[in-house]
Structure formats: C-alpha cells, structure tokens
Amino acid sequence: MSDITLTSTEIGAAGQLSLSPEEHKREQRRYLLRRTATAYLFLVPAAVFFIAFLVIPIGFLFFYTFHNGGIISPRVYVGLDNWRNVFRDDLVITSIKNTLVYCLMAIPSVFVISMFLALVLQQATRGGSVFRSVFYLPTLTPYVVAALIWQFVVHRDFGILNMTLVKLGRDPVNWIGDPDMALKSITMLEVWRGVGFWTLLFLAALIGLPKELYQAAAIDGANAWQRFRHLTIPLLRPTIFFAVVMATIWNLQLFDSVSIMTNGGPQNSTATVVWYIQQTTFAYTDKVGFGAALSFTLLMLILVLALIEIRLLRKR
Amino acid sequence: MTDKRLSPFDRAKLRREAVIDYSRHSINRREFMFKMTAAGVGVAAATRIGDAIAAPAPAMGVKRWAKQADATIRFVKGVHAANDAEIWDGMKAEFEAAHPGITLQPEFYDWATMPEQLTAGYASDDPWDVVYNTDQVLARWVSEGLIADITALANDAAWAGEREAIAPFTWDVVNIGGAEFGVGVLGAVFNIWYNLDLFEAAGISEFPTTRADFREAAIALTGDGVYGFELRDSAANSAFWDWFPWIHNDHADILSDDLSTQNVSPNGAAGTQFLGDLQSVDKVTPEVGAYDWDGAAALFAAGRIAILHDESWRTTAWDAGDGLPFEYDVAMAPFGEDGTKQTAMGNFGYATISEGSENKEAAWEFVKWFASADVINPYAATIGLQTVRVDSVPEYNNQHLEKIQAELVPMVQPPQIHVNWAEMVRTMWPEVEKAYRGEQSGEEAMANAAEIINGLV
Amino acid sequence: MAQVEFIQVGKSYGETGAVHNVNLTVDDSEFLVLLGPSGCGKSTLLKMVAGLEDVTAGEIRIDGRVVNYVKPGDRNVAMVFQNYALYPHMTVQENIGFPLKMTKVPKDQIRERVTRTAAILGLDGLLDRRPEQLSGGQRQRVALARSIIREPAVFLMDEPLSNLDAQLRVQTREELLKLHERLQTTTIYVTHDQIEAMTMGHRIVVMRSGVVQQVGRPQDVYDNPANTFVAAFLGSPRINLQTGKLDGATFGGDGFVVPLNSKLAGAASAVTAGSDVALGVRPEDIEVRVGAVEASGDKIALDGVVSLVEPVGSDLYVRAQTGNVDWMARTEARLPVEPGQAVTLVLNLEHAHLFGEDGRNLAS
Amino acid sequence: MVETHFPELDATVPPPPRRGILSTASLYKLAIYIILIVAAFIAMVPFGYVVSTSLKSTMSLFAYPPDWLPDEPTLDNYRNLIDRYPFWRWLMNSAIVAGSVTLIKLVVDSMAGYAFAKMRFPGKEPLFLLVLISLMVPFAALLIPTFIIVRELGLLNTYWGLILPGLASPIGIFMMRQFIESLPSDLENAARLDGCSEFQIYRRVILPLIKPGLVVLGVFTFMTQWTSYLWPLVAATKPQMATLTVGARSLTSDFTQDWGLNSAAAVLSMLPMILVFIFLQRYFIAGSIAGALKE
C-alpha cells in the first residue's frame, strides 16, 4: 500500500517558505562553510606539524630519488638511476627477504605469547597489576638499553641463555655470531620487548568482552578452547585487526635492535631494509638518492602488505 | 564536468550528505576552496623546498643565527677514553692560557654513530671549526667540499720545522688531489697481543714470523679451555682492521696504488685463506661470531686466548691496577707468503679545519697547538694511543705502548685514501666472513670482493 | 514559548531516517508527540529542530524565525536525550548548571537557579553525586532539569522514558505532564510507544518512512485512522484487518460475509463495487458470546471457534477463527471460554473502518 | 548506553565445574600463577642482571665465570656517572623534550582526532587516509629531509629542534580519533544544545571524557620520545643538548667499555619511565578498553 502524505489541515495548509530558494542556498552555503572552517581550525595545529615534518620530508625524499649526491654535497639529477639500482642491488633483495622472514617469525610468536599471557593474566585475581607492570617493563626499555641488556642474554660465555644450555648439558649456541641464528636472536629480542605491549592490549580487549556470552556458551557446554576459538577470537576481531596491521607496519621498520646488536651482520644475515636505508644515507653519503628510492620501495611494500591484511581481515 | 574532478571520496561524501539541491555552481565553490587550501599548502611547501635546494648545499658562509664570539673554536673528536672529557677540561685551560682571546670548546662524537653525527654536524649551519677525522672518512668529506684546504698554512715557512717532525706518510694521506686537508695527530695500531705464560707453557719461545710457524704455534696453544688465536670477525666490530695486515703482507690491498682498480684479487687470497683455515679447519679460534670485540679482549684478559689480534690501546686497561695475572707482549702478524713483507695496520686521525668555519685562523692555531709535541705526546700517553711525530715519543708508563710506538708505528701501512673506502670494506666484508667460516675459499672470497670493489671505484 | 513550523521540510540520506515534505505547525504551549516505528524519521525530524541534523529541503521556523542555519545553541531549544546524555565527569549540580555556565550566567545566579530547578524535580539531595551514582529515574530527572533550567522556547524529547522500567515510566509520564502544565513550554516529544503518545500528546503525529501519516488529537487519530498503517500502529492488541471485496452492501471476506452498516456503506460508496478493500475492527469492538446471538443495528454476529485465550488480568484476549481468518477480541477478564470452544463473535461496526486498496480510510 | 546484562541468565548459570572440589580449582589457580611468575621472571631477569652489574666494581665485570651477584656491591658506578658526566643535564633534556612533545601532542592530536571523529567537513576521508598512509613511513628514511627542514628553520641544537619533528607522528591522531569516535554522539549534541561552541565541546566535554585515552597516548608518546635515539643524536650536535639515550650511548664507545657505568646509566634512565608507568597503568588498561583499538 502506498504512503500517504497528510498535512495538518486544521492548522492551515502548507505554509510558504519565507526565504527564496536562492537565499536558502546562500545561507546554507554560509552555514556549511562555517562548519567546515571550524573543523579545519581543529585540524590546523596538527596539520602544521604534519605538513612541516612529514608531508614535506616525504616530498623531499621523493625529490631525492631522482638525484645523486648527499645532503652536503651538490645534487646531480640522475633520472631513474636510483630506482633502477634499487631493483638491481643484491643487498636490497637480501634485506627485503630478511625483513619479511623476521616479520613472519616475530609477529605470530609475539601474538601467540601475548594472547596466552593475556588470557592467563585475566584469570589472575590477585597481583594482576604487579604482573602487568612487570610484563610491560621490557617495552619501556630504550633500545640502547635493551641491546645492552641483551648482551647479558646472548653472550657466548656468561649470557643467560648459554649458561642455561650448558647447565642442561647442551652445547652453547652462537646467538648473534652465526648467520643462521642472528636474525632469530634479533627476533627473540623484539618478541621479548614487544610481548608486554601486546599483552596489555589484548588484556584490555579481553576485559571489555561481554560476560553474558561466555555464560551462555558455558551453558551450551562449550569447553575453554571452543569458547576461545568461537567466541573470543571473533569478538576480538577488531583488536586483532588493529594489532596485525600495526604490528606489520612497525615490524617492517625493524632497525634499532639490528643497528645496535649486529649492524646487519654476520654476512648481512640481519640486514633489514631500514638498516640499509640508514647505511646508504649516512655511512655512504653519496647514496642518499638510493636510500630515498629504497625508502619508497619499503613504503610501497608496507602499503601493499597492510592493504592485503586489511582485505583478508575485514572481509570474511 | 566538475564531478570528474572531485575525488571518489568527495563524491561519496556528497552523496552521503545528500546536499540534494546543490547546484554545480556551489560544488564548484567548495572544490575551489579545497583546491585553494591545497595550493596554499603546496606553495608554502614548494617555497621551503626551493629555499633548501637553492641554498648553497653545505650551508656554509652565512650564519643567520646567534653568531659565536669570534674566537671560539669548537673542536670535535671521538671519545678515546672514559675520562676524555675531563682530560680535555685540563687541555682547554692550557690552550686558552697559551692563546688569549681564543676559547676552546671540546666536544665528542660517539664512534658507533660517527657517520650520523658528523653528517649532521657538517650539514648544520654551525659546523665544528676543527674535526678529528680518521683516514677512513677524510676523503669523503674532502670530496664533498667540507674540509678547508690548508696547503698554504701547512707549508708556511714558519711552521716548516714542525711539519718535518710529523711523519711523512701522514702528509701523503692528507694530500688529496694535490692539496692538503689536515694534520696527522693520533692513531691506534692494530697489533697482536700474546700471552707469554701460555707460550712458555707450550714451549714456544719466539713469536712466529712465518705463517707456518704461526699456525703450528696456534695449534699447540689450543686446548684446555684456551684458544690459540682470535681476531675480530664481524663488520660490526670493524673486523677488517685485523684482516688487513694479512693481505698487506701479501702485497694486496683494497685498491691498486693509483686507486683506479681493486687489488685484492688474487693477491689477497692467500692471507684470507690462511685465516679461514685457522678458524674453520684447524679450529684454533672460537667459532666465528661467538665473541664480539670486547668479549674476545675479555677472554684474552682471562687467559683463555693465547694470541689476540686487537688494538694497541687495550693495554691501558689491562695494565691498570694490579694488571693481568700473566705476562703478555705485542707483535705483528707474520710475514706474507713470499716472506718479504711484514706490516701492522694503523688507523690515524687528522685534525681538519671545516670549510664552514668562520675562525679558520684561530682554528689553525689550535691545530698547530694540538699537533705539537708538548701537547700530543702527553695526551697520547694518557689515553694510550700512538702519535705520528718522528722527533719525539710520548712518555708512556706502559712498556707495551712504548714498544708499539718504537717498533710498530714505523711498520704501519695505513688504509688507502678513497672516497668509497669505508663502503668498499663494509660491502665486501661478508665475503671474507664466508671464507672465515670455510664456506668459500680465500680465492673465491677475493674474486667476489674484487667485483664489489670494482663496482664502487 | 513558541510556535514551531515545518514547511516542506525534507532530509535525504539514502539510508533510514530520511524525511519527506513535512508540513506542520506546533502551536505555542502545545505538547506534540511524534509517533512511529523506529527508523520512521521522527528522531531525525526532532534533531532537525534541534539543529543536530541538517535540513536539506524546506525550512523550520521557531517563532517565525527560520532556524535552518542557526547553531543549535542559538535556537533557544532544549533537548532530553534517550540516554539522557548526562556529562559523566560532572556532578548533578554541574550538569544542571552547565547550559547556564555556557551562556555566561553569573555564578551565584546559576547556583540559585540550579537549586530551584532541582527542587522542582526532587533532586535536592543528589546535587553532589555523579551520574553513575544515580538510578535511571534520577538520571532522567537530571536530564530534564538540565533542559528546563534554560527556560527554552521549545522542549525536544527523544524517547526520554524508554530506558525506565514500566512502573517508573507511568509515574514519570505524569510528572512530565505536570511539568508541562506548569511551564507551558512548547514540547515536541518523540516516542514509539503508543500509550505514551495517547496519554501525553495534545496532538500526535504518526510517521512512517519519513512521511507524516496523520496528525490529530490522540482519540481522533485512534478513532479515525487515516490509513491501515495508522490503524494498525495504534491500539493493542492490533486492529483486526481483514481483506475482502465490496459487494453492494456487504463485505465479503475469506469465508465470511459482513453486511455493512450505514456508516461503512457511506464510505464504501467512494469506491466501485467489487474492488478490494480491508475491513478494520478493533478488538474491543468485538464481543465474544457463548451461544447464538442475533445481529442488531451496528452489531454483526459471526460464528467462530476459539483458538487462543490470553488472560492479561484486566482483560481477556480471545483469538477465534471464522471462515479462514482469525479475529482478536478483547473481552471481559473472566469470560469462561477455552480453546476449541464454539462461540459467537459480535462485531460492533460503529467504530469499524473500511480501507481502500491504497490503504486509505475510505471514510476520509 | 544499552544495557546488555540479562539477569535471568545469571540465575541459570551453573556454578563453575569443580570436579575435584577445591583441589582442581586451586590447582588451576596455581598453574595460572606459575605461568605468570615464569613469564615475569623472563621479563625481569635481564634487568636483574643489569642492576646487579651496575653494582659491581668495574674490574670484576668480566670475570670468568661471571658473578651473578656482586661480591661487594658498590654505588661507585652511580657516583661516577653523576660526578663525571652531565647526567642530570641529560635527564633534564630528556624530560623537557619528552614532556613537551607529550603535552603538545595530547592537545594537538586530540583536537584533530575530534575533528576526524565527530565533525562533518569535505575532505575528511582523503585527509584521514593520508594520516593512515603516513603511519607507514619509516622515520629513518625521513631523517635527512627532516634534518634539512630543522636546519633551515635554524633549530638545530635547540629544544624546539628536538621537539617539533616528534609532533608529526600520525599515530596520535589515529588513536584519538578512535577514542573520540567511541564516545556517544548524544553527549556532544547535548553540549551543542547547551550552547557550547565546538571548542567548548572539545574542552569541556570531550577532553575530560577521553582522559584514559589521553593517558594511553601520553604514556605511548612519552615512552617513544624518552627512548628515541637517532633524532636527538643528529639534531643536537652540542653536548649540552644531549638527551639521556644519547648520553648513555656515548658511555659505550670503542675505547671505553665500562659495563658497570653503562648499566648504572641504563638503570637510571629507565627509572622515570617505570615510575610513570606504574602510576598510570590502571588508566592504561582502562584507556585501551575505551576504544583505541576498535579497528
């Protein structure tokens, strides 16, 4: 049946507009303009910094990709040479591979451990806040300090790991000196450093979940694993989504620990993309353009991976 | 069509907001506003970028900000001792007393981040007046026009005596393209330390001077928790310093004498192979990469390494206090294959004046003062480094340093001066590391290294 | 106090909540209720008055002033939100006084007016509490206090009672009415609850899909629904709507025939014989009798079989089948019927309606 | 807020299964705490070693076999650090830089976050997309251009030079938008009707309500700044501008490996962060719940 429009006849027929359509349009425009202006006013302070120290530098960087020469030496226009070189350079391939391998090791481990700890922490009725603080401690460590601390962990003779291994009657491991181990050791450091942050994040999300659903599931006879698999994971989707994307963005930028612990070695086994960018811009100052092109390559890589993840995680 | 020029987001936005009566005209307005803002931002950005690009690249000359008092000399050097800053407090006082009107401001960079710090410093409006630059990076800064040409000052007749007192090889180093860019002052020698007690216990009386003897000794010394030999092996620990004497002694170097092409292949193969065999075949060393630089030094100090290729300044710490619980001595790597050449590696530092300095004359006064025997010798003795003066030696209270100064410094073969030297060494190092691990022969390593080096010449 | 006029007001989103061509005048001091199912646009309309939604067509005038492009705070209207929207970080006192603070009223005046307003709403003892320490009813009163303290020209209320329990709802309803009596402020009240609408509104506006269906005094709307939607939306249990065909002076349903009374016959004359129509009879206009009953006047007797009996205490809802259709009757509480029993349904056609194919009430 | 609590469910929930009566339950608890303690131990051990090292005299550091605990604990390293190095200066510089960045960022980012979360304006989506994309730019890559800009502004070796680039990080805008978006719109609508300007809404309604979010962003920003190393290293070439990380790192030089001193510096540089976190961690959890993490 069709809709029926009724006007309230008893209080008079539809009135006349008091403003002409033109006046309305003008007033409306002015109104929207004012609102837009207000919104932009709120954005201006952030935008100033954003433009000055992010947008312009990125523009700069792009400009550099077509030039040779450094920040201090005169620039020479070289066209697409830097871009070509990026795709020809063996170390670029190696560093991208290392970075991806690192991400594949670090992200799942840190998430599994963090989720497990968060679930356990949620069960702790007492002392939860103490444990939370303790777990967060590594995250608060400056890299410079973390690397120092890790000397005590991975050192050949008096590192905690090897001392434990020797106590257990095993051979000591060449943690950061062995090309096969070094990236794993770096991963270990990053996982150790990252677990606290993600644990707290997951814990916060867990606490926020509606309890009724769990009660209902318990009534339905779901066991702990089933509840985790079919309730917790789907309910945490937004958090996990955020975590995966952010972790990818951050971990693809691995640099500090490599720079301090191994400086890319041994045999370039811990050479990561950002480390290589850093090398080309500072150690070999005539290669700034190459570093810039490599930066954009990394940016694209991150963008593509993040988009793939967004696709995979959003839809289902 | 205006719609075409709107971004998909904007169009979606309009649809959603459903400003149904919006005429094209008003959309135009909005778009116009939007574009104007964008254009404004763009222009501002472009101006900035333009300014930055148009500005004389190394921001020399004009100083727009707080001009320093005319006679303040800012001097930066790497940290050479834990108490370097304190030492320089005293030296500052001495310098200023001797040079009224000039203020000295000593500052320090961290060796690990030297490239970043110096790059930033040179690129700033206010570079240091005097920079202590090592031979590895000197050529790079010179090629970028950052370092003042001091040929005239250094060849001033009034200073000729002093000039002659400074080792000739240093003048070769600072001579780049026919002009001179610095004055040699200090350096470290990369030498071999060996544990006399362990040698005695193994029945070896003389430090070996041939590779065969060296190998035999290393094997004999290994065992019972003691490693016969150790040297640095990772780029992160500047392992190339310990490697160079072994290829130098075979008449190899990174580059040919005229710096036009590489000179590691095949000359460098023998020494590299020898070091690789010691580590991966004879296993007289800890596993490659097991210890970092300090770890190895500590292991030597603990009496668990018999022969350690390391740097000269270690001895200062070892001889402090009660000293090490054993006797140790200093030596050079054995002769090369043909038995004609034995060298030590040395890494020297040069006082350079920045092109951007506004007080070049005062800076030169400081450089002269710093390089003078009365200043550099006591300083070198204090921090345990070597000097490059030929007329006098520091009064070390350490016999090892005395020996190094007397016997090894003259044998030093310094790094070659090339713009890309640091990059070459860094980039080719993984090849040597592979040879150390026995994953490839010295010959293969050198062939691969040669390719890398040629790519950078 | 003010008159609110809607002139050709429209809002299009593409989604729910759109509003089409609303023309309406809310009189000074009137208590007008916007009624409709969720998503019918009633809240949107309210927010358009408040200035929280843009008016995309037509204009809204408050006391003759076009307010389409006036900031919400400058429209001299106050609003009570469904969730009260109390500021959680402020005490009751601060919440109530906030609008005055924003309009730069001197502090001592604020204090005095807050005290006075709180007294009106019985919030005296609660001034230093925070919203989370209050019960639902108390929160509701704080929200009310915050809106009346400004003495606005128009009150806007967006389902203010929907978060209260049934008992409190009835009580608060009365309080709201009393308050309106006292303040005489023009009020636009949005609800989906017909009882609220019937009991509170001077007039109600029934909306559906952004279109106003009917405007009128509650009883008028109830008695003379403009279309099937209004008829069905008002009244509980729902009006019995049976489709059938007009055949001269009778209405032929699915398995039953109802002779039309004069009123319905008059209405039926508006359409051609044989056309599809719907007969609407409210449950309270159906009597359930045990045993045969003679039809008389407006009353029509139909035989039926009880299929469901729902006692709700005061009344008894009886569902009975006639032919192939169900009728819902609302009868006296203690009528002794049970499922399966044969009964006679007595339809009182005095208040029955015939609706045309397009859903319109044929009588209007 | 919609109540999602169904009391009738509570009544029907069976008591948690306690098969072995008390023992299973307490075993479960025991397991929980054992896991937590082991994890805490792993998190803490390296620190323990650093603290222990900082109390050792320098010579005994590299003893073989190493001592886990100092034989004769000494505060010499701390004394040395404070006497021989401008430790307080470093601390002050770090505090000034990290504090300023944090405060400015909280204001600036929450304003932008408010605009992105609650306001309607053309260009909102593309601008926000730009913010998201810029999250993906590695700072190391921007070091040089940023350096040049700061140089052109004449801000090298100034606090502003250290502070300003830190303000550009887009993560704060992103987080603030998430927080503010999770606030019910009715609150700001109520404020709008109460006569607030947009700025008043932001100042008097939004800001107080996103306190937990501000704490999260604050801790996060402070932490990032406090631990940042590369930028202060290049932006401040003069020693009096060195921050704690730069200063602490300069203790480890090729020629001076004083582990005791290093460890003392590590301990002292971490203390402020740890204190800040312990005080704020409750808000931190609350803030994370509040919605930073809803997509």
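Computed from heavy atoms alone, side chains included, the values below leave out hydrogens, waters and symmetry copies. Letters A, B, ... are given to chains in the order of the sequence lines, protein chains preceding strands, and every chain is numbered from 1.
- Other residues, nucleotides and ligands contribute more than 12 heavy atoms inside 6.0 Å of the CD atom of Glu132(C).
- Between Asp194(D) and Lys101(C) there is no salt bridge, since no side-chain nitrogen of the basic residue lies less than 4.0 Å from a carboxylate oxygen of the acidic one.
- For the pair Phe98(C)/Cys196(D), a side-chain contact is recorded, criterion being any heavy-atom separation below 4.5 Å from C-beta on.
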Check against side-chain contact (heavy atoms from CB on, under 4.5 Å), Tyr87(C) and Arg204(D):
CA-CA 9 Å; Tyr87(C) 308 119; Arg204(D) 296 186 182 274; over 6 Å; no
Going through the distances and angles, do Lys71(C) and Arg192(D) end up as a side-chain contact (heavy atoms from CB on, under 4.5 Å)?
-> CA-CA 8 Å; Lys71(C) 279 196 300 180; Arg192(D) 234 160 244 157; over 6 Å; no
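- Across all their heavy atoms, Pro208(D) and His89(C) have their closest contact at CB-CD2, 3.2 Å.
- Counting heavy atoms of neighbouring residues, nucleotides and ligands inside a 6.0 Å radius, atom CE of Met44(D) does not exceed 12 of them.
- Nearest heavy-atom pair, Leu52(C) versus Arg120(D), reported as atom, atom and distance to 0.1 Å: O-NH2, 4.0 Å.
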All N/O donor-acceptor pairs, side-chain side in residues 107-124 of chain C, below 3.5 Å, sequence neighbours left out:
{"unit_1": "Arg113(C)", "atom_1": "NH2", "unit_2": "Ile149(C)", "atom_2": "O", "d": "2.7"}
{"unit_1": "Thr115(C)", "atom_1": "OG1", "unit_2": "Arg111(C)", "atom_2": "O", "d": "2.5"}
{"unit_1": "Thr117(C)", "atom_1": "OG1", "unit_2": "Arg113(C)", "atom_2": "O", "d": "2.6"}

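- Taking non-hydrogen atoms and a 4.5 Å limit, the residue list of residues 95-106 of chain D in contact with chain C is empty.
- Using a 4.5 Å cut-off between non-hydrogen atoms, the part of residues 134-147 of chain C that approaches chain D consists of Arg146(C).
- Residues passing the side chain to side chain contact (heavy atoms under 4.5 Å, CB included) test with Asp128(C) are Gln93(C), sequence neighbours excluded.
- Among Leu209(D), Leu183(D), Val205(D), the one residue that satisfies the side chain to side chain contact (heavy atoms under 4.5 Å, CB included) test with Pro88(C) is Leu209(D).
- The NZ atom of Lys47(C) sits 5.5 Å away from the CG atom of Asp186(D) when rounded to the nearest 0.5 Å.
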